[in-house]
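Written below as structure tokens is the structure these notes are about.
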Amino acid sequence: MFVRSRRCSRIEEVGAGCLSVSRANLQAAIALVQSLMRQGLRRVVLCPGSRSGPLAVACGLMAARTDLALCTAIDERSAGFLALGLATA
């Protein structure tokens, strides 16, 4: 696995430290999605990518376990219009 982050400056340093950062990011994303769901979030339009990886995984997990509707899109602009349409419908 090739991972680069602030804590892992070299590829060879991939280990428990980097995995704990990834786990912390995922836990924070899950906590965020759960908090938004408590506030009434029912639908998510997501453009998964490397920067939104933990959020994409958290939304996927919540969609599989709860009634969260997840729509994925490739283009951010079209995803914005889709989200706007879903919100006003």
Side-chain angles (χ1 to χ4, degrees):
M1 178 189 298
F2 298 103
V3 174
R4 289 189 186 265
S5 69
R6 290 182 198 155
R7 293 184 70 189
C8 299
S9 58
R10 295 185 351 212
I11 293 175
E12 294 84 23
E13 293 178 356
V14 173
C18 289
L19 292 178
S20 66
V21 171
S22 298
R23 174 175 268 167
N25 288 339
L26 179 58
Q27 288 173 343
I30 290 172
L32 174 67
V33 173
Q34 287 175 336
S35 176
L36 291 171
M37 287 180 69
R38 283 192 296 271
Q39 297 296 318
L41 178 72
R42 294 291 168 250
R43 291 183 269 189
V44 173
V45 178
L46 186 66
C47 294
S50 62
R51 292 177 288 176
S52 64
L55 184 60
V57 172
C59 288
L61 290 172
M62 290 294 125
R65 299 181 71 204
T66 64
D67 59 348
L68 181 69
L70 176 61
C71 299
T72 58
I74 296 173
D75 179 52
E76 290 89 358
R77 188 173 15 181
S78 63
F81 285 114
L82 175 61
L84 183 60
L86 289 172
T88 57

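Every residue meeting the side-chain contact (heavy atoms from CB on, under 4.5 Å) condition with A29, not counting sequence neighbours, appears here in chain and number order: P54, A58. Residues passing the side-chain contact (heavy atoms from CB on, under 4.5 Å) test with R51, sequence neighbours excluded: none. Every residue meeting the side-chain contact (heavy atoms from CB on, under 4.5 Å) condition with L86, not counting sequence neighbours, appears here in chain and number order: R43, V45, C71, L82. Qualifying side-chain contact (heavy atoms from CB on, under 4.5 Å) partners for T66, counting only residues two or more places apart in sequence or in other chains: M37, M62, L68.
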> Can V33 and L55 be said to form a side chain to side chain contact (heavy atoms under 4.5 Å, CB included), step by step?
Replying inline: CA-CA 8 Å; V33 173; L55 184 60; 3.9 Å; yes
With a 3.5 Å cut-off and sequence neighbours excluded, list the donor-acceptor pairs that the side chains of residues 72-80 form with protein atoms.
| residue | atom | partner | partner atom | Å |
| --- | --- | --- | --- | --- |
| D75 | OD2 | S78 | N | 3.1 |
| S78 | OG | D75 | O | 3.0 |

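For the atom pair L36 CG and C59 SG, the distance stands at 8.5 Å (nearest 0.5 Å).
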